[in-house]
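Notes follow once the structure below has been shown.
Since we're looking at a predicted model, the values are computed, not measured. Quick note: numbers below take in every heavy atom, side chains included, and nothing from hydrogens, waters or symmetry partners.
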There are 2 protein chains.
Amino acid sequence: MQVEDTAAAARVREPAMTDVARLAGVSHQTVSRVLNGHPNVREQTRLRVRAAIAELGYRPNRAARTLVTGRSQQIGVVAQNSTLYGPTSMLAAFELAAAAQGFAVSVRRVRVLDRSSIAAAVEHHRDQRVAGIVVIAPTASADEALAEIPADVPLVAVDGDPGRGGALVTVDQEEGAFAATRHLLEAGHQTVWHISGPSDWFDAAGRARGWRRALQEAGAEIPPVSSADWSAASGYRAGQMLARMPDVTAVFAANDHLALGAIRALAERGRRVPRDVSIVGFDDVPEAEFFSPPLTTMRPDFDGVATETLSLLLARIEGESGPSLRTLNPTLIPRESVAAPRD
Amino acid sequence: MQVEDTAAAARVREPAMTDVARLAGVSHQTVSRVLNGHPNVREQTRLRVRAAIAELGYRPNRAARTLVTGRSQQIGVVAQNSTLYGPTSMLAAFELAAAAQGFAVSVRRVRVLDRSSIAAAVEHHRDQRVAGIVVIAPTASADEALAEIPADVPLVAVDGDPGRGGALVTVDQEEGAFAATRHLLEAGHQTVWHISGPSDWFDAAGRARGWRRALQEAGAEIPPVSSADWSAASGYRAGQMLARMPDVTAVFAANDHLALGAIRALAERGRRVPRDVSIVGFDDVPEAEFFSPPLTTMRPDFDGVATETLSLLLARIEGESGPSLRTLNPTLIPRESVAAPRD
DNA sequence: TGCATCAGAGTGAACGCTCACATCTGCCCA
DNA sequence: TGGGCAGATGTGAGCGTTCACTCTGATGCA
């Protein structure tokens, strides 16, 4: 009891740098030097300080550090409140990469990617004096918000408008879609239908562009696009339309979940994949391999996006500026959902 | 050019509270009072201060606030580096709920949920002087790490060991599994097989327990458990085994992706769902409705978990302590993957 | 021998806020 | 008329760092 009281009394204030200094018989500045790996400290002194730190269980106060330096070791991320596979994977990879570089990641989710929500989230991060900001900004409205942010804030956009200035990292949607469509054409299909993602997403727009270009280059007919959101449910609805048209033999879906919904709708009308209709998705969700049939799809390199984003952000924190675009090519993962057309 | 130079020079130092005070003709303390909604400020003064804040584009420095109060308005989250649907959904919901209460969320991902990784992540958050910590701790090893954290740190575990003391919010895995298994028994099946999640996860253990209890209460035979991780791939492997056993007519999979893999394996051996084998999953991933066939599953209330977690954490930040357990029941979502057995 | 140089260490002032307390009004009621 | 009281505001210290200096003694070299 007695002991506990003493301990409690001693813990009223957490040990600070001066406490460590006193115990080690040095000045607070020397403790600071040890902590920050400054070279001009004698080995013996360094050890004494470390021992004092350990003995007191001292932990540096980051708030004080942030106050005086004006920069925290935090990166702010703005993302949409969704469980979509792409953004989620990217976010997880980014958090891991940032932690490895000693940065904490503070995430701010927004319900909708409109101008004011994004702006508010960015403002919040700036209030926190984050070292840099990453915005996962796949829509035009999000991009608008970015345009208004002062250029002196280190900021990297992910999945934004490749045409915009500033720093951007993105999967090469167009190339991926081009490859997917080519893959279907090369299997012998006359043309390829497309189930698109929401039209205000750059990802969706890029994929539609790549699809169209592949058809044009092959001189194939360009069928009308089925527009959808990213969900399996909307893929299902698109699939119901496609299933009614006997001349549809190949479909490129803008993501795997759309493809799943479409496969389901086709199956319900007795059109089997790949015997009657071939289909290619995008994302390579871990389950795609176990769809019925296993889905041919494009695999983006989310780890690569995360790594590039971080390195670009760190460069901007160091003061680099100007436009800077990095794109990563997805890989085709061939499975069983593509076959030659019957005729 | 001249103008820009002046602007740049003025922006060398961001405006602080004293600048606002000077412009408004009040003391810095009055500005502080306005900012914190203190009642004893004349309306006229309040307006003058607000005007000055707007004019200068002043933003409060959170680091300074944290330094003096010793607490930041941040909540630290420790989570595993995965894109598993459950934890991801929960995390997204939590971030939104926390933002609504004015808390920022800092996420620290760990590669593996072992004792030292969790401990390091928690330490990191404590360095940042977070107001509270949430650990998504679905395994026994994570739980061990929690036991070592000083009790004065406001901390809530999610998906941890319901038997442990401390604050915990979790889906009632056992009840959910019980309901899923009952559902299959009531359809007329003699017994129900189980594809389990990884055995060191509490979620998996709880689901296995509920399954077993349902069989026991019904006096049904208890078949051996197929153990798996959470992936569709391992569900597929388990399904390959089950497909070889003609007396298997009903399966409860510990999550939807396991179910997907199992369905695939069964289909490859010509056993159709639900005609030959009925199957129930867990999680209700958005795609489950579009599996072939649409999957009957248990839907946990992730929003509810997030809300409960936040409210429990806020209470602990306010000083409450002692054990506190909140469980939420999942809901059965009947679809087409369950039918009566043929015989 | 004298002086520049440098490693190693210390000193004190910021950083921008909140807290505890002090001060100044004006008003009510004895 | 004056004492008390509450509302409105101001004052100064302190939170725990880092930064820009200063100081000290040893070393090198002309």
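- Nucleotide D:dC15 holds its P atom 10 Å from the CG atom of A:Asp19, rounded to whole Å.
- D:dG7 atom C1' lies 15 Å from atom CD of B:Gln44, rounded to whole Å.
- Between the CG atom of A:Asn40 and the P atom of D:dC21 there is a distance of 17 Å, given to the nearest Å.
- Distance, B:Arg46 CZ to D:dG7 P: 14 Å, rounded to whole Å.
- Take A:Thr307 and apply the side-chain contact (heavy atoms from CB on, under 4.5 Å) test, not counting sequence neighbours, and it matches no residue.
- For the residue pair B:Gln74 / A:Gln74, a side-chain donor-acceptor distance below 3.5 Å is found, with atom types taken as modelled.
- Evaluation of the side-chain hydrogen bond (donor to acceptor under 3.5 Å, both in side chains) rule for B:Glu144 yields B:Arg115 as partners, not counting sequence neighbours.
- Take A:Arg59 and apply the salt bridge (charged side-chain N to carboxylate O under 4.0 Å, His left out) test, not counting sequence neighbours, and it matches B:Glu123, B:Asp127.
- Minimum heavy-atom separation, A:Val130 to A:Ser72: CA-OG, 3.5 Å.
- Residues satisfying the salt bridge (charged side-chain N to carboxylate O under 4.0 Å, His left out) criterion with A:Asp159, sequence neighbours excluded, are absent altogether.
- Between the axis at the start and the axis at the end of the helix from C:dT1-D:dA30 to C:dA30-D:dT1 there is an angle of 50°, using five pairs per end and rounding to 10 degrees.
- Taken residue by residue, residues 56-69 of chain B places heavy atoms nearer than 4.0 Å to DNA chain C at B:Tyr58, B:Pro60, B:Asn61, B:Ala64, B:Arg65, B:Leu67, B:Val68, B:Thr69.
- With a cutoff of under 4.0 Å to any heavy atom of chain A, the contacted region of DNA chain C is bounded 5' to 3' by C:dA7 to C:dG16.
- B:Leu91 places a side-chain heavy atom less than 4.5 Å from the side chain of B:Val77.
- With sequence neighbours left out, A:Arg326 forms a salt bridge (charged side-chain N to carboxylate O under 4.0 Å, His left out) with A:Glu308.
- At a cut-off of 3.5 Å, with distance as the only test, a side-chain donor of B:Asn36 or B:Arg65 sits close to an acceptor on the other residue.
- Judged as a salt bridge (Lys or Arg N to Asp or Glu O under 4.0 Å), the pairs with a partner in residues 92-101 of chain A (not counting sequence neighbours) are, in order, A:Glu95-B:Arg109.
- For A:Arg129, the salt bridge (charged side-chain N to carboxylate O under 4.0 Å, His left out) partners two or more places apart in sequence, or in a different chain, are B:Glu14.
- Non-hydrogen atoms lying under 4.0 Å from DNA chain D are contributed by A:His28, A:Gln29, A:Ser32, A:Asn36, all within residues 24-36 of chain A.
- Judged as a salt bridge (Lys or Arg N to Asp or Glu O under 4.0 Å), the pairs with a partner in residues 22-45 of chain B (not counting sequence neighbours) are, in order, B:Asp19-B:Arg22, B:Glu43-B:Arg46.
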*Just do the side chain to side chain contact (heavy atoms under 4.5 Å, CB included) check on A:Val20 and A:Ile53 with the steps written out, would you?*
CA-CA 6 Å; A:Val20 175; A:Ile53 288 174; 3.7 Å; yes

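- Between the C1' atom of D:dT9 and the CD atom of B:Glu43 lies a distance of 16 Å, rounded to the nearest Å.
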